[in-house]
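Structure first, commentary second.
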Amino acid sequence: RGKPRRGMLRRAVFSDVQRKALEKMFQKQKYISKPDRKKLASKLGLKDSQVKIWFQNRRMKWRNSKERELLSS
Amino acid sequence: ICLPADCTVGGITVTLDNNSMWNEFYHRSTEMILTKQGRRMFPYCRYWITGLDSNMKYILVMDISPVDNHRYKWNGRWWEPSGKAEPHVLGRVFIHPESPSTGHYWMHQPVSFYKLKLTNNTLDQEGHIILHSMHRYLPRLHLVPAEKATEVIQLNGPGVHTFTFPQTEFFAVTAYQNIQITQLKIDYNPFAKGFRDDGLNSKPQRD
DNA sequence: CCACTTCAAAGGTGTGAGA
DNA sequence: TCTCACACCTTTGAAGTGG
């Protein structure tokens, strides 16, 4: 369902393959080291700044959903 | 005048989280739209579960079963039987995307099935649940212990618990029949906000 | 690093026409 | 009865800015 579509858009849209690989890495480690980041970026055809920002945003999402769990107990 | 939100089977209790909205629709005979590409249910099923083994892993599955063997028609005021039902398409289920997860995970937050989609396309390739228009259905929730799950998930196998809520019954349609149902959908579904003509709507509720 | 914002793309509504 | 294109919304999430 995902295509590596690219154009002159202000906001890039990552493919399903890219997102899944990022997600898999995130499950293993919430913080990614610089060498790992560079390796993952080139494997997925992304700039490593994009991978850095993705982890940053992903941690935010993780925290906000984690805080909701605490309210129930 | 609300149907109970709880359903207990074998020590496990499932609560219909958005019970009041379901009841509001139920009293006017709920309708769910079917489309070729698949349509979400609204309201959708959201459950609160207690009584699971925290450490055991479960798969949560939903399916939609026919209520009876009739086809129905809307006579302008109510639904009435009109002939015999089409044979139900079996084998279409919706597995919750977080499956399998531990009992602790499922009990820690309400479980939503908002991504479940209904279609009238009998040749559907997307894995959506196939229903027949102008038929009457009831959603079912199945808790399947992951260890006992085989390649093909058995919904009537050992250790599987099934829960149903009468207020979630609905008529599958291709276009809305009852105007009151249309209005309820517009009032409550945020995606239909564009059709709320009353600028100061008194029901700013959430799904 | 975090908090928050920005703002298009993606995609879910009912409509109303025309089968 | 059913299907399809709209217009009109929301949600999503990469990227922006400041601390």
Side-chain angles (χ1 to χ4, degrees), chain A residues 1-23 26 29-34 37 40-41 44-67, chain B residues 25 30-44 71-76 79 82-83 86 97 112-124 126 128 130-135 171-199 201 203-207:
Chain A
R1 191 186 291 196
K3 292 176 208 163
R5 265 273 40 129
R6 198 92 335 186
M8 286 181 54
L9 19 85
R10 207 179 64 81
R11 180 191 157 219
V13 178
F14 296 171
S15 71
D16 281 4
V17 175
Q18 289 169 326
R19 264 202 280 263
K20 243 166 218 164
L22 288 161
E23 198 66 46
F26 183 77
Q29 48 193 43
K30 309 300 177 204
Y31 296 82
I32 190 166
S33 65
K34 197 184 278 183
R37 195 175 72 200
L40 185 60
L44 299 176
L46 294 169
K47 293 185 287 184
D48 76 332
S49 68
Q50 289 179 293
V51 175
K52 183 184 73 180
I53 297 300
W54 188 92
F55 268 79
Q56 204 165 290
N57 285 319
R58 188 63 184 80
R59 276 194 300 272
M60 203 57 59
K61 181 180 172 185
W62 176 65
R63 283 205 180 89
N64 291 337
S65 65
K66 208 75 181 179
E67 278 170 330
Chain B
F25 277 83
T30 312
E31 298 172 25
M32 296 292 177
I33 295 282
L34 305 179
T35 64
K36 203 170 177 180
Q37 85 176 64
R39 192 74 148 204
R40 289 185 180 178
M41 289 200 293
F42 191 91
Y44 56 85
R71 165 183 282 273
Y72 284 82
K73 74 174 180 190
W74 174 254
N75 67 9
W79 289 92
S82 167
E86 300 274 325
S112 291
F113 286 85
Y114 66 95
K115 279 187 175 171
L116 185 154
K117 282 188 174 181
L118 308 176
T119 184
N120 58 344
N121 180 14
T122 51
L123 304 175
D124 173 76
E126 304 296 312
H128 299 143
I130 300 171
L131 301 181
H132 291 116
S133 185
M134 312 310 272
H135 286 53
F171 292 90
V173 296
T174 213
Y176 288 126
Q177 308 292 301
N178 184 351
I179 309 163
Q180 296 181 54
I181 290 296
T182 310
Q183 197 53 51
L184 279 180
K185 300 250 187 179
I186 290 171
D187 286 346
Y188 288 125
N189 192 330
F191 288 111
K193 195 172 267 181
F195 299 97
R196 297 178 190 170
D197 39 18
D198 190 344
N201 224 318
K203 295 175 180 177
Q205 272 198 358
R206 198 67 181 170
D207 45 301

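Computed from a predicted structure; not experimentally measured. A note on names: the letters A, B, ... follow the listed sequences, proteins ahead of strands, and every chain is numbered from 1. All values below were derived from every heavy atom in this structure, side-chain atoms included, with hydrogens, water molecules and symmetry-related copies excluded.
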Rounded to the nearest Å, what distance is computed from the CZ atom of residue F113(B) to the P atom of nucleotide dG12(C)?
18 Å
In this structure, how many angstroms lie between the C1' atom of dT10(D) and the OH atom of Y114(B), rounded?
13 Å
Report the distance from atom CG of L34(B) to atom C1' of dT1(D), rounded to the nearest whole Å.
12 Å
note: Y44(B), atom OH; dT10(D), atom C1'; distance rounded to Å ~ 13 Å
Residue-phosphate contact under 4.0 Å: Y31(A) side-chain N/O, dC2(C) OP1/OP2
yes
Using nucleotides 15-19 of chain D, report all nitrogen or oxygen pairs with the protein that are shorter than 3.5 Å.
residue: dA15(D); atom: OP1; partner: Q50(A); partner atom: NE2; Å: 2.9
residue: dA15(D); atom: N7; partner: N57(A); partner atom: ND2; Å: 3.1
residue: dA15(D); atom: N6; partner: N57(A); partner atom: OD1; Å: 3.1

Could you go over nucleotides 13-17 of chain C and give all protein N or O partners under 3.5 Å, atom names and distances?
residue: dG14(C); atom: OP1; partner: Y176(B); partner atom: OH; Å: 2.6
residue: dG14(C); atom: OP2; partner: R39(B); partner atom: NH2; Å: 2.8
residue: dG14(C); atom: N7; partner: R39(B); partner atom: NH2; Å: 2.9

Option among T119(B), N120(B), L123(B), L34(B) that satisfies the side-chain contact (heavy atoms from CB on, under 4.5 Å) test with I130(B):
T119(B)
Between Q37(B) (CD) and dC2(D) (P), how many Å, whole number?
17 Å
Taking any heavy-atom pair under 4.0 Å as a contact, classify K117(B): base, sugar-phosphate, or nothing.
sugar-phosphate
Let me know the distance between CD of Q177(B) and P of dC2(D), rounded to the nearest Å.
8 Å
Ignoring backbone atoms, test whether T35(B) places a side-chain nitrogen or oxygen under 4.0 Å from the OP1 or OP2 oxygen of dT3(D).
no
What's the NZ-P distance between K30(A) and dC2(C), to the nearest Å?
13 Å
Rounded to whole angstroms, how far apart are NZ on K115(B) and C1' on dG11(C)?
12 Å
Lys NZ or Arg CZ of K193(B) over F191(B) ring: under 6.0 Å, within 45°:
no
So, does K193(B) get its side chain near the phosphate of dT10(D), meaning an N or O under 4.0 Å from OP1 or OP2?
yes
